[in-house]
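Contents: one structure, followed by commentary.
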Amino acid sequence: MDTGRARPAVGTVTGVDTHCPYCALQCGMSLGVGTGVVSGREFPTNAGGLCQKGWTAATLLTSPHRLTAPLLRENRDAPLRPVSWDVALDFVASKLADLRRKHGPDAVGVFGGGGLTNEKSYLLGKFARVALCTSQIDYNGRFCMSAAAAAGIKAFGADRGMPFPVTDLAEADAVLLVGANVSETMPPFMRHLRPAADAGGLIVVDPRRTPTAEHAAVHLQPVPGTDLALALGMLHAAVADGYVDHAYLAERTTGFDEVWRIAAAWWPERVEAVTGVAAADQRAAVRLLAEARRAYVLTARGTEQHAKGVDTVSAWINLCLALGLPGRSGSGYGCLTGQGNGQGGREHGQKADQLPGYRKIDDPADRAHVAGVWGVDPDSLPGPGRSAYELLDALGTPSGPKALLVFGSNVVVSAPNAGHVADRLASLELLVTADFVLSETAASADVVFPVTQWAEEDGTMTSLEGRVLLRQRALGAPDGVRTDLELLQGLAMRLGQPAERFPAEAEQVFDELRRASAGGIADYAGVTYDRLRAGEALHWPVPDVDHPGTPRMFLDAFAHADGLARFVAVEHTGPAERADDEFPLYATTGRVLQHYQSGAQTRLIPELDDAQPEAFVEVNPDTAGRAGVHDGQWARVVSRRGEVRARVRCVSTIRLDTVFLPFHFPGAQRANLITNPALDPTSRMPEFKVCAVRLAPA
Ligand SMILES: Nc1nc2c(c(=O)[nH]1)N[C@H]1C(S)=C(S)[C@@H](COP(=O)(O)OP(=O)(O)OC[C@H]3O[C@@H](n4cnc5c(=O)[nH]c(N)nc54)[C@H](O)[C@@H]3O)O[C@H]1N2
Ligand SMILES: Nc1nc2c(c(=O)[nH]1)N[C@H]1C(S)=C(S)[C@@H](COP(=O)(O)OP(=O)(O)OC[C@H]3O[C@@H](n4cnc5c(=O)[nH]c(N)nc54)[C@H](O)[C@@H]3O)O[C@H]1N2
Ligand code: SF4
Ligand SMILES: [Mo]
């Protein structure tokens with residue numbers, strides 16, 4: 001195993017082309033090797049721009065907080081101490097083998113992440129199914145993309161976040177952004193919306209007046225958890241005002257009548273009473289969309305992270321279909337993928353019900369294909385396992401896993417009902433993480449493996465527009481760290497697997513992934529490192545090496561066998577938890593510009609931490625007054641599951657019945673101490689975006 005890569009001397013190489021390690025926009029950047037200085041690079045998604053997280057991304061490469069030796073604790077009360085790689089690997093492998101012998105293969109669980117490269121996601125899924133033989137693997141994408149993915153598959157037969165290039169948006173006269181605060185979550189993305197905004201065609205649906213909403217001609221502010229009703233009202237308005245594209249309906253879709261049967265009862269005035277969005281504003285938004293020459297509807301987590309998230313996204317897609325937008329050049333529906341590899345991470349088999357290439361683990365033909373590539377008996381592959389929250393909830397219970405391996409997620413901070421999740425983790429016989437910093441989850445583990453960061457390893461990422469990108473190694477890694485692939489190989493070998501079944505070279509893993517995905521929905525067979533190195537823009541599917549890729553999907557036909565898109569009949573029922581006398585407010589959660597996710601990385605970057613050092617709760621001044629709290633004071637936000645401490649930020653533009661908390665902070669400032677783990681029946685997405693709370697002085 002090659003671990004001794006020297007850091008190139010200052011000035012030997014300058015400016016390696018790479019991509020930002022954080023979000024799905026995957027902004028092009030250049031990393032000054034030796035200087036460690038990041039600069040924006042001309043690339044379609046960012047046109048040279050970066051956000052503050054991008055500019056400061058290299059800071060963590062040389063941070064003193066970086067882990068450079070494996071850590072191990074003898075027992076739960078002992079501190080983590082540095083040990084050698086061999087000691088840590090031997091310890092973990094023998095514990096895993098032991099637990100499996102005693103309790104069967106499902107005694108070991110695996111939790112992955114949408115920030116992992118395609119190669120890591122693929123090898124992690126293979127490691128779980130082949131080396132551990134466990135069905136118990138899932139990942140944080142369940143908390144992120146799963147609702148829109150499921151709705152996209154229902155409607156279109158395939159799920160690619162944006163089935164068109166990001167740059168197409170610049171041609172649009174109208175864009176409806178639902179539950180997306182791109183000004184903070186993907187700042188360079190705003191440039192693609194500027195033409196629509198300048199033309200007075202930007203519509204934003206968000207309970208808060210975000211920096212994104214500031215650019216909107218129409219800002220709709222629904223009660224959190226009522227988007228489905230809003231979408232039904234807007235569909236009703238589209239029909240009533242004569243905007244339905246009947247020729248498109250007949251040629252390209254099926255199922256409208258069922259949908260209309262429900263939407264007919266949701267006239268805009270009724271929807272106003274449920275959502276708080278004026279009927280006239282609903283109609284104005286529909287008019288802007290329908291009268292535009294080119295229009296898009298884009299959803300993100302605000303509308304998706306609900307226990308009815310799939311139905312809610314279906315309702316937005318229904319509106320899109322009624323207006324004839326999807327599958328046409330210059331208009332359409334898209335979901336904004338979140339994590340760096342949010343797209344690829346959900347295609348290659350770290351999801352409980354899935355095999356590489358977006359194949360299904362319970363489909364005999366899919367199992368046979370993948371087992372063939374892996375050189376194993378299809379019958380030896382386990383079936384589907386538990387979804388992310390259900391997996392965490394089952395840890396340490398009689399039927400649940402006794403050990404968990406975590407790659408690329410900080411669930412102690414980011415999982416819903418986080419207090420309970422921390423208790424479940426504490427009940428395990430073995431918790432193992434791989435990370436480059438001591439995240440809150442790593443800090444509670446028995447063994448922590450120190451791994452390389454983005455700039456120190458090769459790998460591919462699939463961005464929010466379905467484009468496969470090569471992130472090439474720019475630097476040597478510090479002594480003592482190994483790649484995730486090397487770690488998986490080391491464990492697999494100790495579990496009796498041949499080394500060549502778990503290659504540690506990214507390009508070799510990718511070549512195997514190409515074969516495993518060949519013929520699947522997310523077909524990467526024609527993507528090669530050489531084509532990517534040559535700068536080709538390859539959007540999947542790319543079925544063979546001569547295929548130019550598919551920047552725009554669905555132009556001729558949708559991915560269902562009959563080529564038609566499906567309207568999906570959905571009804572509004574509202575949030576899982578209603579406000580009442582005891583908990584009179586709705587809390588919603590989300591992001592600020594400077595922090596990324598659980599904050600494990602960005603809280604360690606001084607410039608970002610200085611800008612946003614602590615949790616806050618955004619609250620309307622009238623609501624604050626009634627609760628007896630003042631701007632700048634610490635408050636408690638209490639739900640049925642727990643309470644979180646946050647500093648009050650009075651904001652007059654937020655709804656009176658709604659408070660907002662970022663989820664980036666640890667300990668008592670964890671927003672997830674209060675969130676509701678009510679799960680969507682299809683996607684198993686938790687209800688991060690609404691729960692009932694009360695506000696009180698701290
Ligand atoms: N700075 C920063 N950028 C990021 C990330 C990060 O952590 N920090 N993470 C990346 C990832 S993984 C993701 S998934 C994306 C997420 O990107 P976004 O979806 O843009 O981010 P959020 O802040 O989670 O949610 C967006 C908005 O939804 C609103 N909202 C809350 N409840 C509701 C509701 O019921 N209905 C509607 N319509 N809106 C509601 C919130 O007020 C918020 O402004 O960002 C990516 N980019
Ligand atoms: N209340 C609330 N909770 C939420 C959300 C919300 O809107 N509200 N959003 C949800 C969403 S959309 C998401 S995506 C999740 C994200 O939440 P998490 O899954 O916790 O994501 P990160 O904070 O990015 O954690 C990634 C961890 O893995 C490490 N890491 C990064 N890259 C690698 C790698 O390549 N290999 C290894 N081994 N480790 C790596 C990082 O240092 C970090 O410790 O949070 C969810 N939780
Ligand atoms: S928008 Fe996303 S990809 Fe671009 S610099 Fe910021 S965090 Fe990085
Ligand atoms: Mo996400």
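Just so we're clear, the structure is a prediction, and the values are computed from it rather than from any experiment. One-based numbering, in listed order, for ligands and for the atoms of each.
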Next on the checklist: Could you tell me, atom by atom, which parts of ligand 2 come under 4.0 Å of a heavy atom of S439?
Outcome noted: 44 (O)
Next on the checklist: Using a 4.0 Å cut-off to any heavy atom of N672, which atoms of ligand 2 qualify?
Outcome noted: 1 (N), 2 (C), 3 (N)
Next on the checklist: Check contact between A180 and ligand 1, using heavy atoms of the residue and a distance below 4.0 angstrom.
Outcome noted: yes
Item to check | Residue-ligand contact K120/ligand 2, heavy atom below 4.0 Å | outcome: yes
Item to check | Euclidean distance, D484 CG relative to T117 OG1, rounded to 0.5 Å | outcome: 7.5 Å
Next on the checklist: Yes or no: does H664 have any heavy atom under 4.0 Å from an atom of ligand 1?
Outcome noted: yes
Next on the checklist: So if I count the atoms of ligand 3 from 1 in the order they appear, which ones are less than 4.0 Å from some heavy atom of G54?
Outcome noted: 5 (S)
Next on the checklist: Counting non-hydrogen protein atoms only, what is the nearest one to atom 47 (N) of ligand 2? Give residue, atom name and distance.
Outcome noted: S414 O, 2.8 Å
Item to check | Distance-only N or O hit between ligand 2 and A434, under 3.5 Å | outcome: yes
Item to check | Per-atom contacts of ligand 3 with Y22, taking only distances under 4.0 Å to non-hydrogen atoms | outcome: 7 (S)
Item to check | Shortest protein contact, atom 46 (C) of ligand 1 (heavy atom only) | outcome: G338 O, 3.7 Å
Next on the checklist: Judged on heavy-atom distance to atom 1 (S) of ligand 3, which of A24, P188, G28 sits nearest?
Outcome noted: P188
Checklist entry - Got a sec: is C20 within less than 2.8 Å of atom 2 (Fe) of ligand 3 via an N/O/S atom? => result no
Checklist outcome for this item: In this structure, atom 14 (S) of ligand 1 is nearest to the protein heavy atom R301 NH1, 2.9 Å
Checklist entry - For ligand 3, which atoms have a heavy atom of K53 less than 4.0 angstrom away? => result 7 (S)
Item to check | Residue among R473, R482, E457 satisfying side-chain hydrogen bond (donor to acceptor under 3.5 Å, both in side chains) with T452 | outcome: E457
Checklist entry - Please state which protein non-hydrogen atom is closest to atom 26 (C) of ligand 1 and give its distance, to 0.1 Å? => result G179 O, 3.3 Å
Next on the checklist: What I want to know is whether Q339 and ligand 1 share at least one N or O pair that is separated by under 3.5 angstrom.
Outcome noted: no
Checklist entry - Who gets closest to atom 32 (N) of ligand 2 by heavy atom: Y139, Y22, F436? => result F436
Checklist outcome for this item: Quick look: A600 vs ligand 2, heavy-atom contacts under 4.0 Å, and the answer is side chain
Checklist entry - Considering only the protein, which heavy-atom contact is closest to atom 33 (C) of ligand 1, and what is its distance? => result G302 O, 3.2 Å
Next on the checklist: I'd like the name of whichever of L438, V411, N140 reaches closest to atom 19 (O) of ligand 2 through any heavy atom.
Outcome noted: N140
Checklist entry - C144 heavy atoms, cut-off 4.0 Å: which ligand 1 atoms fall inside? => result 14 (S)
Checklist entry - What atoms of ligand 2 come within less than 4.0 Å of a heavy atom belonging to S409? => result 18 (P), 19 (O), 20 (O), 25 (O), 26 (C), 27 (C), 28 (O)
Checklist entry - So which heavy atom in the protein is nearest atom 36 (N) of ligand 2, and how far is it from that ligand atom? => result D484 OD2, 2.8 Å
Next on the checklist: Can you tell me which portion of T185 lies within the under-4.0 Å heavy-atom range of ligand 1? Options are side chain, backbone, both, or neither.
Outcome noted: both
Checklist entry - Does K53 approach ligand 1 within less than 4.0 angstrom via side chain, backbone, both or neither, non-hydrogen atoms only? => result side chain
Checklist entry - Near atom 6 (Fe) of ligand 3, is there an N/O/S atom from C27 that is less than 2.8 Å away? => result no
Item to check | Pair D206, H219: side-chain N/O donor-acceptor within cut-off below 3.5 Å | outcome: no
Next on the checklist: Please list, in number order, the atoms of ligand 1 under 4.0 Å from a heavy atom of H306.
Outcome noted: 34 (C), 35 (O)
Next on the checklist: As a test of understanding, state which of T210, L336, V204 forms a side-chain contact (heavy atoms from CB on, under 4.5 Å) with V182.
Outcome noted: L336
Next on the checklist: Below 30° counts as parallel, above 60° as perpendicular, anything between as tilted: where do the rings of F660 and F616 land?
Outcome noted: tilted
Checklist outcome for this item: Quick look: N181 vs ligand 1, heavy-atom contacts under 4.0 Å, and the answer is both
Next on the checklist: Using a plain distance cutoff, I'd like to know if T588 has any nitrogen or oxygen under 3.5 Å from a nitrogen or oxygen of ligand 1.
Outcome noted: yes
Checklist entry - Between the side chains of Q597 and N140, does any donor sit under 3.5 Å from an acceptor? => result no
Checklist entry - Identify the closest protein heavy atom to atom 22 (P) of ligand 2: which residue and atom is it, and at what distance? => result Q597 CB, 3.5 Å
Checklist entry - Hey, which atoms in ligand 2 end up nearer than 4.0 Å to a heavy atom of L116? => result 34 (C), 35 (O), 36 (N)
Checklist outcome for this item: Within 4.0 Å of some non-hydrogen atom of V437, the atoms of ligand 2 are 42 (O)
Item to check | Minimum-distance protein heavy atom relative to atom 7 (O) of ligand 2 | outcome: K689 NZ, 2.9 Å
Checklist entry - Quick one: which ligand 1 atoms are inside 4.0 Å of a heavy atom on P224? => result 35 (O)
Next on the checklist: One residue to check: T210. Relative to ligand 1, which of side chain, backbone, both or neither has a non-hydrogen atom less than 4.0 Å away?
Outcome noted: side chain
Next on the checklist: Regarding ligand 1, does V182 bring an N or O atom to under 3.5 Å of one of the ligand's N or O atoms?
Outcome noted: no
Checklist outcome for this item: Honestly, for Q26 the part within reach of ligand 3 (heavy atoms, under 4.0 Å) is backbone
Checklist entry - How far is atom 2 (C) of ligand 1 from its nearest protein heavy atom, and which residue and atom is that? => result H595 O, 3.4 Å
Item to check | Nearest-neighbour protein heavy atom for atom 25 (O) of ligand 2, which is reported as residue plus atom name and distance | outcome: N410 N, 3.6 Å
Checklist entry - Nearest protein heavy atom to atom 8 (N) of ligand 2, by residue and atom, and its distance? => result T589 OG1, 2.9 Å
Checklist entry - Is the shortest distance from a heavy atom of D227 to ligand 1 less than 4.0 Å? => result yes
Item to check | Check: A300 N/O within less than 3.5 Å of ligand 1 N/O | outcome: no
Item to check | ligand 2 contacted by G114 (non-hydrogen, < 4.0 Å) | outcome: no
Checklist entry - Can you list the ligand 1 atoms lying under 4.0 Å from a non-hydrogen atom of L593? => result 1 (N)
Checklist outcome for this item: Looking only at protein heavy atoms, what sits closest to atom 35 (O) of ligand 1 is G225 N, 3.0 Å
Next on the checklist: Among all protein heavy atoms in this structure, tell me which lies nearest to atom 24 (O) of ligand 1, with the distance rounded to 0.1 Å.
Outcome noted: R591 NH1, 2.6 Å
Next on the checklist: Students should be able to answer this: which protein heavy-atom is nearest to atom 23 (O) of ligand 2, and at what distance?
Outcome noted: S598 OG, 2.5 Å
Item to check | Minimum-distance protein heavy atom relative to atom 27 (C) of ligand 1 | outcome: D206 OD2, 3.2 Å
Item to check | Atom indices of ligand 1 within 4.0 angstrom of V592 heavy atoms, with elements | outcome: 1 (N), 2 (C), 8 (N)
Checklist entry - Which heavy atom of the protein is the closest neighbour of atom 43 (C) of ligand 2, given with residue, atom name and distance? => result D435 OD2, 3.5 Å
Checklist entry - Looking at E456 and R66, does any basic side-chain N land under 4.0 Å from a carboxylate oxygen? => result yes
